[in-house]
Trainee: 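Take this structure first; my questions come after.
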2 protein chains.
Amino acid sequence: MTLADDKIAKLTAALRNAGVRVTRQRIALLSVLRDAKDHPDAEELLKRTKLIEPAVSLATVYRTLSLLEAAGVVHRHSFEGGSARFETATKKHHDHIVDLDSGEVIEFNSDKIEQLQNEIAAQLGFDVIHHRMELYCRKRR
Amino acid sequence: MTLADDKIAKLTAALRNAGVRVTRQRIALLSVLRDAKDHPDAEELLKRTKLIEPAVSLATVYRTLSLLEAAGVVHRHSFEGGSARFETATKKHHDHIVDLDSGEVIEFNSDKIEQLQNEIAAQLGFDVIHHRMELYCRKRR
DNA sequence: TTTACACTTGCGAATAATTCTCATAATGAA
DNA sequence: TTCATTATGAGAATTATTCGCAAGTGTAAA
Ligand SMILES: [Mn+2]
Ligand SMILES: [Mn+2]
Ligand SMILES: [Zn+2]
Ligand SMILES: [Zn+2]
């Protein structure tokens, strides 16, 4: 059992503990999400999951993603133009640059910006629950 | 002819000059957009436009909004959850806070954040073409 | 291990926002 | 006014996502 498998084991135990059933489909999707180094959409996740567990449907992928999102395990990003993209919530908070030419998604984070966002909201009497910051860019040349 | 009407006259002249026909529907929608103090969606814009010019359809509202967006006259915002919302591009650049409880949209802007966004992108070899920054908030109490 | 039952799944239908098709109507340059 | 060109309305089509339901499966108790 590798470290990665162990992570999934812990995760599924936690889910089971929360009254969520650990099915073949869910385990397969979790491992796909764990291995993903990009920001795949539901169709792409279905394709990858089918390689591990052929008995999965798109509806189940969506349902499971919503479940994991509600559990705080995955994040959903609705970038301009296409369908929603997903990633595990394991890394620390970050925002995204979208390359308008290639479609590539690059991650970045700025504590300064995050702090300014909170200050601005506070000044207006708000607490920031979550936010969206996406920079649509082109390679400088 | 009021100042506001004059603005529309200039705008329509510019459009006509660009080979775009100035129809009753377009004039009506433009005046609705000019008067809007909020961030209405297409359905709401249709409702308001019908008061001025009953012969408008939702398809035309969408078509005209896309036209105006391409011309840089209106901005489209796809906030979480609902349909796209629109506003004229007359004010200076700003971003939005969305009150999660009331749905209210509040505007703000931060030159500091804008500058940081550009610096971060530049450091990664990108130029920011446009961006999205939305703070989903709750009233502090 | 078997059982019981609540939870999940796959399938296809339903939904919602937006775009498209195409026959008809309106605009504006001449 | 004329007339080629462009815009419109109505509803069908599209796309991403969710839903309903019958059938299958995971879990924990027996
Ligand atoms: Mn990411
Ligand atoms: Mn605004
Ligand atoms: Zn952030
Ligand atoms: Zn901004």
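Letters go in sequence order (proteins before strands), and every chain restarts at 1.
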Trainee: What is the distance, rounded to the nearest whole Å, between atom CD of E43(B) and atom P of dT18(C)?
Mentor: 9 Å
Trainee: For H77(A) and E134(A), test the side chains for any donor-to-acceptor distance below 3.5 angstrom and give the result as yes or no.
Mentor: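 There is no such pair between these side chains.
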Trainee: Within this structure, what is the CG-to-C1' distance between L67(A) and dT8(C), rounded to whole angstrom?
Mentor: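 The distance from CG of L67(A) to C1' of dT8(C) comes to 11 Å, rounded to the nearest Å.
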Trainee: Taking atom types as modelled, is there a side-chain donor on R34(B) or S31(B) under 3.5 Å from an acceptor on the other?
Mentor: no
Trainee: Roughly, in whole Å, what's the span from CG in L29(A) to P in dG10(C)?
Mentor: 11 Å
Trainee: Please check the phosphate of dA26(C) (OP1 and OP2 only) for any side-chain N or O of Q25(B) closer than 4.0 Å.
Mentor: no
Trainee: Of T23(A) and S66(B), whose nearest nucleotide on DNA chain C comes first from the 5' end?
Mentor: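 With T23(A) and S66(B) compared, the 5'-side residue is T23(A).
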Trainee: Atom CG of D41(A) and atom C1' of dT17(D): how far apart are they, to the nearest Å?
Mentor: 12 Å
Trainee: Calculate the interatomic distance between E53(A) atom CD and dG26(D) atom P; express it in whole Å.
Mentor: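 Distance check: E53(A) CD to dG26(D) P gives 10 Å.
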Trainee: I need the single residue from R76(A), H94(A), K37(A) that forms a side-chain hydrogen bond (donor to acceptor under 3.5 Å, both in side chains) with E87(A). Which is it?
Mentor: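 Going through the options one by one, the only one that passes is H94(A).
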Trainee: Kindly say if R26(B) contacts the phosphate of dT27(C), meaning a side-chain N or O under 4.0 Å from OP1 or OP2.
Mentor: no
Trainee: Taking the side chain of V56(A) as heavy atoms from C-beta outward, which of dA16(D), dG10(C), dG9(D) is closest to it?
Mentor: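 Given the options dA16(D), dG10(C), dG9(D), the side chain of V56(A) is closest to dG10(C).
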Trainee: What is the distance, rounded to the nearest whole Å, between atom CD1 of I27(B) and atom P of dA26(C)?
Mentor: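 Checked: the CD1 to P distance equals 15 Å.
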Trainee: Output the single nucleotide from dG10(C), dT9(C), dT17(D) whose closest atom is nearest the side chain of Y62(A).
Mentor: dT17(D)
Trainee: Can you confirm if the aromatic rings of H39(B) and F86(B) lie within a centre distance of less than 6.0 Å?
Mentor: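 No, they do not, as the ring centres are separated by 6.0 Å or more.
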Trainee: I'd like to know if R21(B) reaches the base of dT5(D) with its side chain such that a donor and an acceptor end up less than 3.5 angstrom apart.
Mentor: yes
Trainee: Within the structure, does a side-chain N or O atom of T60(A) lie under 4.0 Å from either OP1 or OP2 of dG10(C)?
Mentor: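 Yes, T60(A) has a side-chain N/O under 4.0 Å of OP1/OP2 on dG10(C).
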Trainee: Check if the side chain of R63(A) and the base of dG20(D) share a donor-acceptor pair of N or O atoms closer than 3.5 Å.
Mentor: yes
Trainee: From the options dT27(D), dA26(C), dG9(D), select the nucleotide whose nearest atom is closest to the side chain of V22(A).
Mentor: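 Of the candidates, dT27(D) comes closest.
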Trainee: When the distance from CG of L65(A) to P of dT9(C) is rounded to whole Å, what number comes out?
Mentor: 12 Å
Trainee: Output the rounded distance in Å from CD (E80(B)) to C1' (dA16(C)).
Mentor: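 About 17 Å, once rounded to whole Å.
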Trainee: If you check the A59(B) side chain, which of dA10(D), dA16(D), dT18(C) turns out closest?
Mentor: dA10(D)
Trainee: Please work out if A42(B) contacts a base, only the sugar-phosphate, or nothing of the nucleic acid, heavy-atom cut-off 4.0 Å.
Mentor: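 Since no nucleic acid heavy atom lies under 4.0 Å of A42(B), the category is nothing.
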Trainee: Verify the distance criterion only: is there a donor paired with an acceptor across the side chains of D95(B) and H93(B) at less than 3.5 Å?
Mentor: yes
